[in-house]
Amino acid sequence: MKKFGKGISVALVAVMALGLMSCGALAANLKGTVATDGSTSMESVIGALGEAFMEAEPDVTFTYNPTGSGSGIQAVSEGRCDIGLSSRALKDEEIESGLVETTLALDGIAIIVHPDNPVTDLDVETIAKIYTGEITDWADVGGEAGEIVLIGREAGSGTRDGFESITGTEDACKYRQELTSTGDVITTVSQNPNAIGYASLAAVGDTVKALAVDGVEPTEETVMDGSYVVQRPFVLVTREDEELSDVAQAFFDFALSEDSAEIITLAGAVPVNVPADEEAAE
Amino acid sequence: MKKQAFENFIYGVFLLLGLITVGCVLLITVYLIISGIPAIREIGLFKFLFGKTWASTAKTPQFGILPFILTSIYGTAGAIALGVPIGFLTAVYLAKAAPPKVKAVVAAAVSVLAGIPSVVYGLVGMLVLVPGIRSIFHVPDGASLLAAIVVLAVMILPSIVNVSITALEAVPQEYEDASLALGATPTETYFRVSVPAARSGIAAAVVLGVGRAIGEAMAVMMVSGNVANMPSLFQSVRFLTTAVASEMSYSSGLQRQALFSIALVLYLFILLINAALNFFLKRSKEA
């Protein structure tokens, strides 16, 4: 899946927002502020949803504070924002403390290698062994001999956090390069035949090859049905004991509505609530 | 009378504009000190400066910045070792020996080099130099201290060439004429008379190069791999600048405070370099 041109996506979002208004899907003329806080990985998704929402409700101010999943969960539990954004599922103790999670979308993390690399499939355990330095040569996993070059993201990155927690390699990865953006990771892997990296599935194009994990190719469908395991949820976090303000509730409903599915797809994630007819068409 | 008032007014405007710069410096200094001290206090100065492990988001985080300090020093020294001979000899050639047409072309090239944004250096480094180092030296990955040194060496060339030329051209013609009249060849004259006479200016050029190299972040971040290893030529390394830049966007708590502390350390380095630069410039004026 390739990213759409920005202009096209903005136009589409605008058109959809107009459509929503005319459909009367939203009660117009809401006033107030919706404050969201949390995951930086969700920036494109929540940004697109926020824009579309403000387009439909001109009197509403939508804010997004990119602080990271942990800080966002903290912020919502202390009442400093309306909706917390997390790119991981809530931990048990967080749920016990009175927080509720609602999955908005799913994001696949693709394991990428150079297109010339003969390896096409690895299991999670092997990936973990590669990243912790237990396996260091491509020959050991069915490739041509050559030292494996591990490309990763910088400390604090949501993608790194997601990848390391799924593969169980927290704080144990022996990175050769720590790059600061998804684009850098993809470029670097495309330059080095011995490199392996990870990047948000939505951003992966033709320059690199995405590996199958446990025999499952990373696609929107396999992320959706859960068979592709290197994935993480994008979660909206709210407080159990406290109702959202009218405006925040309207945004919450809007984000989870079937109409938002396309906005989420355009922003690069896999929406959970797909319109029924579209699902049938696929 | 009216004229006088106008003069005073303009004088006041100039003073105000001058104070803006001073104010910025003060603001940045105070802000860096205030935000840089808490983390150093919490971690401990010795552990912070001489700790060999940086793991800012681990379960038991460690904040040792010795790898960054050494990398910045080695990287800068390497860039100087490569860039100064090339830049210095270019300057001698341009100032003394080059025919006017050649001089015009080379000088134009040098100023273009000076104007190229650092991200472009980084991009070319990432797409050409890094794969190049990988295949020339047969290492698994080319993103390394060496790549950063080469990029920095090219980046500091313009400042070294330009400042050295100015220093060499300021050498009084009489010195050279006297040397030539005594029977020295032109080459002897350049290296025995002109260069020693311009040495303070050339030293200033080198210090300026050091300042530029140690403060560069963008280009270095794109070619050095950014892993907090102790520096070694073919290893992925992280500089003081890139340590701040790469983690800032997602940092929080003590990690963010520690990044400010790194910035403070870098700032102290720059202050030292600036003091050295002023020293050499002053001497060069006196000479």
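Side chains included, hydrogens not; waters and symmetry mates left out as well; all remaining heavy atoms used. Just so it is clear, the structure is predicted and the values come from calculations on it, not from any experiment.
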Identify which one of Phe63(B), Trp54(B), Tyr74(B) satisfies the ring-ring contact (aromatic ring centres under 6.0 Å, His included) criterion when paired with Phe68(B).
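So, applying the ring-ring contact (aromatic ring centres under 6.0 Å, His included) to Phe68(B) and each of Phe63(B), Trp54(B), Tyr74(B), only Trp54(B) qualifies.
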Between Tyr198(A) and Tyr131(A), how do the two ring planes meet: parallel, tilted or perpendicular, split at 30° and 60°?
tilted
Which atoms of Ala55(B) come close to chain A, meaning under 4.5 Å heavy atom to heavy atom: side chain ones, backbone ones, both, or neither?
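When you check distances to chain A, no heavy atom of Ala55(B) falls under 4.5 Å.
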Non-hydrogen atoms of chain A under 4.5 Å away: do they reach the side chain of Ser246(B), the backbone, both or neither?
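Both backbone and side chain of Ser246(B) come within 4.5 Å of chain A.
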Please flag which part of Glu154(A) lies under 4.5 Å from any non-hydrogen atom of chain B: side chain, backbone, both or neither.
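It is the side chain, since no backbone atom gets that close.
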With a 4.5 angstrom heavy-atom cut-off, could you sort out which part of Thr187(A) is near chain B: side chain, backbone, both or neither?
side chain
Going by atom types alone, do Ser87(A) and Ser39(A) pair a side-chain donor with an acceptor below 3.5 Å?
yes
Mark yes when over 12 heavy atoms from residues, nucleotides or ligands other than Glu170(A) sit less than 6.0 Å from its CD; otherwise mark no.
yes
